[in-house]
Amino acid sequence: MSLHLYDSATREVRRFEPEVPGKVGIYLCGATVQGSPHIGHMRSAVAFDILTRWLRRSGYQVTLVRNVTDIDDKILSKSAEAGVPWWAWAYRYEREFARAYDALGVAAPTYEPRATGHITEMVELIELLIERGHAYTGDPGNVYFDVHSFGSYGALTRQLVENMTTVEEAASDKRNPHDFALWKAHKEGEPATAAWPTPHGRGRPGWHLECSAMARKYLGTSFDIHGGGIDLRFPHHENEQAQSWAAGWGFARLWMHNAWVTTGGEKMSKSLGNSLLTEVVLQRTSPMVLRYALGAVHYRSALEFSDSTLSDAAAAWQRITGLLDRAGAAGTDPAGRIATATARELDQVELPGAFSAAMDEDLNVSAALAAVHEHVRHGNSALAAGREAGEIALQVRAMLAVLGLDPYAEPWRGAAETGDDGTSAVLDALISQVLTARARARADKDWARADELRDQLQAAGVVVEDSSGGARWSLRGDH
Ligand SMILES: [Zn+2]
């Protein structure tokens with residue numbers, strides 16, 4: 001069995017074969033940082049984190065690009081309303097997203113480019129599209145993609161232009177209502193800092209343009225997988241593909257879209273207010289349980305979110321950690337391996353066939369979790385019969401690691417110890433002693449010893465940062 005993925009462009013499950021053997025390039029549409037992250041955003045992040053982890057575990061070298069849209073209409077209007085600079089508004093929510101990703105153990109992408117950092121690349125793409133006859137200028141500052149100039153427009157979502165719903169803004173300088181903006185002219189009243197010069201006048205990027213330009217920069221003209229939420233297929237992804245194809249680029253070889261989070265069977269709606277913001281949900285449940293809940297349903301199926309979603313996830317999570325705790329208890333795990341095996345060691349643990357087969361089948365996480373729970377039951381029976389369950393527990397951890405749920409890995413390790421019961425003072429004293437020894441080694445130019453001490457701290461989950469005032473430490477996963 002090898003990895004098969006559902007391609008939402010061809011609408012079939014296909015055997016996954018990367019363009020360059022052993023390497024995978026993924027572009028994932030990230031956040032428009034205009035407000036706080038809700039669990040729908042996190043579902044997408046978790047789904048593609050599981051994909052990345054499974055590809056890496058399968059031996060691929062993965063380059064994951066997840067962009068940050070830090071300029072758009074909503075960022076401008078909301079920041080103006082709040083009376084703060086648009087970039088301050090965007091940065092604030094970019095940080096909130098980063099904290100939410102960290103809290104849920106979503107591994108950092110290889111690159112996380114911001115739209116405003118790639119204006120040059122976008123203007124170059126506009127010039128190329130004009131040159132090739134697929135874009136035209138309107139009023140000063142406006143540039144549009146000419147959908148009628150490009151026969152394959154509509155290919156991704158299998159629509160004919162004449163049957164498409166008009167989603168684009170009406171504008172008198174457009175040739176066709178379906179033409180979409182590559183570049184938008186600076187408007188009266190908008191901040192001067194939200195406009196950049198182009199050969200066609202000052203303005204700012206249309207949303208779709210950034211992803212084509214940034215995918216090209218970080219992954220090349222053609223790459224393996226493009227991902228995002230199902231709501232992005234049209235018009236966003238259709239337009240991304242049209243721009244890139246019209247520029248002569250191959251673009252994405254396979255498209256993956258995650259389904260919505262629903263409540264009461266409907267797409268999670270604004271009427272729910274703030275109740276499904278990640279931060280708010282995390283006030284009533286632990287991040288491991290939320291991650292479990294968000295990842296447990298197949299990424300292409302709607303995830304119905306209710307209170308029982310979280311309580312079911314909590315119960316399942318407790319069954320798993322219960323086994324690991326009991327298997328790791330003194331006497332049954334004399335070497336203490338269950339709690340101490342590193343990520344690299346877990347990579348060497350052979351995964352149960354049923355688990356791998358499920359993951360290879362378009363990331364069938366629910367079947368993969370069934371394999372996890374089956375092993376938990378085996379482990380419980382072994383312990384009940386007075387046998388040890390070390391190997392089973394390690395297999396369970398290895399499977400959980402693929403799903404980003406290994407309770408002994410970051411950021412979950414030590415999650416139960418966040419309450420201050422005096423241990424933090426003890427911890428500080430112990431770590432300070434190690435840091436003093438390291439400072440001494442550095443003063444003696446004994447770099448090997450200094451590095452060894454830092455590595456020891458790192459292995460224990462302590463991050464050391466050198467600053468002008470000396471070394472500072474924090475626990476990985478702290479903010
Ligand atoms: Zn995009």
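Read the numbers this way: they start at 1 and go in the same order the structure lists the ligands and their atoms. We use all heavy atoms of the structure for the numbers below, so side chains are in, but hydrogens, waters and symmetry mates are not.
Under the ring-ring contact (aromatic ring centres under 6.0 Å, His included) criterion, His375 pairs with His378, sequence neighbours left out. With sequence neighbours excluded, the residues forming a ring-ring contact (aromatic ring centres under 6.0 Å, His included) with Phe223 are Phe251, listed by chain and number. In this structure, Trp183 has no ring-ring contact (aromatic ring centres under 6.0 Å, His included) partners at least two apart in sequence or on a different chain.
Under the 4.5 Å side-chain criterion, counting only non-hydrogen atoms from C-beta, Leu209 is in contact with Gln243.
For Glu304 (side chain) and Gly265 (main-chain N/O), a donor-acceptor pair under 3.5 Å exists by modelled atom type.
Around the Zn ion (ligand 1), the protein N, O or S atoms found under 2.8 Å comprise Cys29 SG, Cys211 SG, His236 NE2, Glu240 OE2.
Using bins of under 30°, 30° to 60° and over 60° for the plane-to-plane angle, the ring pair Trp255/His237 lands in the tilted bin.
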